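Structure first, then comments.
Predicted model only: the values in this text are computed from it and were never measured. Each chain gets a letter, A, B and so on, in the order the sequences are listed, and its residues count up from 1.
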There are 2 protein chains.
Amino acid sequence: MGPSIARGTRERILEVAEAFLGERGYNGTRLHHIAERVGVQKASLFHYFPSKEELYRAVLEHGVGDSERTITRALESRGTPLERVCQLVESWIELVAAHPQRLKILLRQSLGDAPPGYQTPDHDRLVALVVGFLTEGQEAKVFPPVDALATVLGVIGMVAFFFTSAPVLAPSWCGDPSSADAVERVKRHVTDVMHRCLAGGGEAGTGRRPAVA
Amino acid sequence: MGPSIARGTRERILEVAEAFLGERGYNGTRLHHIAERVGVQKASLFHYFPSKEELYRAVLEHGVGDSERTITRALESRGTPLERVCQLVESWIELVAAHPQRLKILLRQSLGDAPPGYQTPDHDRLVALVVGFLTEGQEAKVFPPVDALATVLGVIGMVAFFFTSAPVLAPSWCGDPSSADAVERVKRHVTDVMHRCLAGGGEAGTGRRPAVA
DNA sequence: GTCTATATAGGGATAGAC
DNA sequence: GTCTATCCCTATATAGAC
């Protein structure tokens with residue numbers, strides 16, 4: 001994180017744009033509104049960014065790197081493999097709670113809300129990092145034989161849903177998903193699920209269902 | 001499902017619109033494109049729907065009701081409570097796989113991609129139905145004391161992510177999420193997780209973590 | 001570097017013939 | 001009920017003064 005005060009106009013534009021892109025999406029965001037909130041004329045935006053699409057790309061790059069650092073750091077931490085997985089989950093949840101807009105932008109991207117012709121980058125490398133950790137644990141018989149890739153993607157899906165869609169589709173879930181209470185509840189639930197799914201070692205887990213129904 | 005052949009123009013418009021709204025979103029969908037794919041002039045759309053917004057609402061209503069029927073039917077089925085939960089999960093996954101666009105539209109809605117001023121309807125009643133089932137099971141000591149609401153929303157989030165975002169953000173996940181293989185894999189994983197989280201009765205589950213880290 | 005003014009295009013919506 | 005033609009607004013982007 002850079003200095004949080006006395007930012008230049010370019011940084012303020014990026015910040016406001018990130019908020020709008022998260023809240024309204026690429027197609028729904030008006031340069032007009034960004035300029036207004038920054039407190040500048042619309043034409044001035046084109047002094048810093050040649051087009052709306054380039055502004056979009058700049059916002060994306062601006063938010064990249066945090067996730068990767070969080071993941072590698074957590075996997076290298078001390079503790080049992082299960083503790084490290086939970087450490088990773090909790091760190092990532094905090095990251096998401098701190099920057100909900102970034103996750104929303106990624107989700108929108110995956111749904112196709114991006115500049116025309118924009119190639120959505122994949123995140124296979126990052127996912128593979130965690131999947132590899134789980135697989136190694138399974139080979140060492142410390143994790144049960146669950147579907148490792150599905151487990152990782154499932155956690156991402158749960159957390160993403162808790163912080164973006166759930167508050168809207170099921171208001172009974174929580175008021176402000178970024179509140180300390182909500183963050184704590186998500187952490188507790190996800191780590192609880194991880195314990196239930198990854199504890200018990202290499203033998204068939206607690207309640208693995210017998211066969212196809 | 002109505003007759004699938006010799007549909008009227010209105011039905012064809014609804015069908016094509018559903019596809020576009022799922023794929024491009026409300027703001028990204030051009031009436032021009034809908035008309036083109038239907039094989040009709042743009043102005044003709046206004047003979048059937050007074051505005052883009054009304055077309056959007058019609059598409060939504062057209063896809064409502066299936067989910068509710070699926071849920072109530074599964075919860076009233078035979079079997080142990082856990083079997084009924086898994087039955088519900090599998091039925092719902094099939095429904096999602098059969099109509100991925102509908103889920104995408106709902107997700108987009110929750111992200112705010114809807115007509116200006118549109119009030120996204122909540123689904124609290126439907127969620128509460130399943131949560132109630134879990135809570136009763138917990139009071140009867142057949143389910144462990146997990147966070148029931150979080151469990152339900154977590155499953156929704158996982159499945160939603162598997163079928164919409166995961167194929168784009170992590171292409172290693174699967175090629176076509178609606179393929180029989182992919183559907184089977186999702187079913188297996190989610191019911192596996194349900195077994196691990198809901199089996200074992202009312203005592204503290206397998207690996208419930210001791211306290212806050 | 002920021003402004004006012006304007007060019008240009010695209011898309012939602014309407015009019016009216018057939 | 002479907003078409004052609006057109007209106008009109010909005011939004012991106014540019015030109016050029018200060």
Flag the pair A:Pro121 / A:Gln109 as yes when at least one side-chain heavy-atom distance between them is below 4.5 Å, and no otherwise. yes
Knowing that exactly one of A:His123, A:Arg125, A:Arg73 qualifies, which makes a side-chain hydrogen bond (donor to acceptor under 3.5 Å, both in side chains) with A:Glu68? A:Arg125
Check this for me: does any side-chain nitrogen of one of A:Asp147 and B:Arg188 sit under 4.0 Å from a carboxylate oxygen of the other? no
Whether the B:Ser91 and B:Gln87 side chains hold a donor-acceptor pair (N or O, under 3.5 Å, no angle test) is what I'd like checked. yes
Comparing B:Lys42 with B:Thr9, nearest DNA chain D nucleotide closer to 5' gives the residue B:Thr9
When the distance from CG of B:Leu45 to C1' of C:dT14 is rounded to whole Å, what number comes out? 14 Å
So if I take residues 11-38 of chain B and measure heavy-atom distances to DNA chain D, which residues fall below 4.0 Å? none
Should B:Val85 and B:Leu134 count as side-chain neighbours, where that means a heavy-atom distance under 4.5 Å? yes
Identify the two heavy atoms, one from B:Leu198 and one from B:Phe143, that lie closest to each other, and give their separation to 0.1 Å. O-CD2, 3.4 Å
Counting only N and O atoms by type, is there a donor-acceptor contact under 3.5 Å from the side chain of B:Arg108 to the main-chain atoms of B:Gly22? yes
With heavy atoms of chain B within less than 4.0 Å as the criterion, where does contact along DNA chain D begin and end? D:dG1 to D:dT4
So A:Tyr56 and A:Tyr26, would you call those rings parallel, tilted or perpendicular, with 30° and 60° as cut-offs? perpendicular
